[in-house]
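All residue numbers refer to positions in the sequence shown, counting from 1.
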Amino acid sequence: MGLYEKIVPNNDIDHSARRENDVSDLLNRLGGTGVPSLKSKGANYSRIVACNFGTADLTMGMAVKFTGKADESGTAFDVEKATDLTKPYGILLNDLPKTGSAGVLLSGATIIEVELKSASHEYAAPSPAGTLESADSGNCRILWRKAATGKQTCLILLGGGGGGSSYKGAFTVIDVSKDNKTIVRVCDGTNPNLTGNCGIAWINNKRFSIPVKEFTVESAGYIILSSEYNESGKAPKQPEMTFEKSLPSDNDLKSLNVIARIGLSGKTPIITQEQHGMVQGFIWGNCEDDKK
């Protein structure tokens, strides 16, 4: 087999050395009876063999989640349709009928069809039908598309959310860049949309709800949550999130918490999550006021 693509005339199958290697890899994972063998213990775990113990056929390009079941050898893992973009999922590389087996992409790049809902979307996520559709954010980045909208062939990178981490709690910072602008969003990792609150802050033991907020980033810097001192005996002011190019100096009249550090690689944000969980802070205030 030559190291180049061979296109069979009047046939829609593109045959290549890469495809031959993929087929050989799959066959090496299967025993003579057609079931995964222990040879797959040394397989590349960015792509694994999945099986289907369910009652419905699954199709190529569908986002799937693992059910916790496996075949007897423990080398092929049962999957079903995934619809929750906040949970781990893989992408089927082949059709997966009932009782069948197929490859699943866990991380890395592949070419797959995506329903592109907007020309500005740069991410893909599972739809209610289980297939991929474009989105404002997520952990699957669209690297190339054949056309701007509609059901299109796309090059995607699963696990390519643009510098975000696996953290999915309060004050999660994600990349939502669009329209050639670098934008990051501070949100609740279990609900990464631009709605609701991103977390809770207790300042001097008073509870504050902090709304989701986005920042357009033009230089490296820090996302800071700060609350200002109020008059003696009164509760602190409502905390606010701001983007700062440098860390603020010490201030006894403010509570300061670093939510994340943001770097830039071209227009791609490099996000370092600093805050994990809810915020707790204290403002010491003005000692002269406290003496009154």
Side-chain angles (χ1 to χ4, degrees), residues 18-30 35-54 56-115 122-135 137-144 153-168 172 174-175 189-190 192 268 271 273:
R18 184 187 65 249
R19 189 179 302 276
E20 183 93 350
N21 287 336
D22 287 344
V23 172
S24 297
D25 180 59
L26 181 60
L27 291 175
N28 285 335
R29 298 172 190 233
L30 302 176
V35 297
S37 71
L38 293 177
K39 292 180 182 179
S40 65
K41 291 295 186 183
N44 177 0
Y45 286 106
S46 65
R47 301 183 184 216
I48 60 103
V49 175
C51 53
N52 184 357
F53 297 158
D57 294 339
L58 305 175
T59 57
M60 182 175 67
M62 182 174 285
V64 293
K65 64 179 180 180
F66 296 91
T67 67
K69 302 175 183 177
D71 72 333
E72 292 182 357
S73 68
T75 57
F77 305 91
D78 182 45
V79 296
E80 62 185 14
K81 180 178 72 173
T83 58
D84 186 352
L85 77 164
T86 68
K87 305 294 184 182
Y89 63 87
I91 297 173
L92 276 178
L93 301 175
N94 315 90
D95 289 339
L96 180 53
K98 298 184 292 290
T99 72
S101 63
V104 173
L105 177 72
L106 295 181
S107 65
T110 193
I111 297 173
I112 212 76
E113 284 192 334
V114 179
E115 184 67 38
E122 296 184 5
Y123 297 85
S127 70
T131 53
L132 292 179
E133 63 181 14
S134 65
S137 61
N139 67 345
C140 182
R141 184 179 283 274
I142 300 172
L143 302 178
W144 173 87
T153 299
C154 296
L155 173 63
I156 62 165
L157 177 62
L158 185 60
S165 71
S166 59
Y167 174 69
K168 300 294 181 184
T172 296
I174 60 174
D175 176 10
T190 63
T268 300
I271 301 168
Q273 184 81 37

What pair of heavy atoms forms the shortest contact from Lys65 to Ala82, and how long is it? N-CB, 3.7 Å

Decide yes or no for Asp57 and Asp95: does some side-chain heavy atom of the first lie under 4.5 Å from some side-chain heavy atom of the second? no

Step by step, work out the side-chain contact (heavy atoms from CB on, under 4.5 Å) result for Glu122 and Ile142. CA-CA 5 Å; Glu122 296 184 5; Ile142 300 172; 5.6 Å; no

Go through the steps to decide whether Asp71 and Val49 satisfy the test side-chain contact (heavy atoms from CB on, under 4.5 Å), and finish with yes or no. CA-CA 10 Å; Asp71 72 333; Val49 175; over 6 Å; no

Does the side chain of Tyr123 reach to within under 4.5 Å of the side chain of Ile174, using non-hydrogen atoms? no

With rounding to the nearest 0.5 angstrom, report the CD to SG distance, Glu113 to Cys154. 8.5 Å

Restricting to non-hydrogen atoms, name the atom on Ile91 and the atom on Cys140 that form the minimum distance, rounded to 0.1 Å. CD1-SG, 4.5 Å

If only atom types and distance count, is the side chain of Asn94 paired as donor or acceptor with the main-chain N or O of Gly103 below 3.5 Å? yes

Looking only at heavy atoms, what is the nearest atom pair of Pro126 and Leu132, with distance? N-CD2, 4.0 Å

Student check: side-chain heavy atoms of Phe53 and Thr67 closer than 4.5 Å: no

How far apart are the closest heavy atoms of Gly54 and Asp78, and which atoms are they? N-OD1, 4.3 Å

Taking the side chain as every heavy atom from C-beta outward, state whether Leu96 and Val64 have any pair of such atoms under 4.5 Å apart. no

If every non-hydrogen atom of Ala102 is compared with every non-hydrogen atom of Leu92, which pair is closest and at what distance? CB-CD2, 4.3 Å

Under the side-chain contact (heavy atoms from CB on, under 4.5 Å) criterion, do Arg141 and Asp175 qualify, and how do the steps go? CA-CA 10 Å; Arg141 184 179 283 274; Asp175 176 10; 2.7 Å; yes

I would like to know whether Ile156 and Thr110 meet side-chain contact (heavy atoms from CB on, under 4.5 Å); could you show each step before the answer? CA-CA 6 Å; Ile156 62 165; Thr110 193; 3.9 Å; yes

Under 4.5 Å between any side-chain heavy atoms of Ile111 and Trp144, yes or no? no

Value for NZ (Lys81) from CG (Leu58), rounded to nearest 0.5 Å, stands at 9.0 Å

Quick check: closest heavy atoms across Ala70 and Phe77, and the distance to 0.1 Å? CB-CD2, 3.8 Å

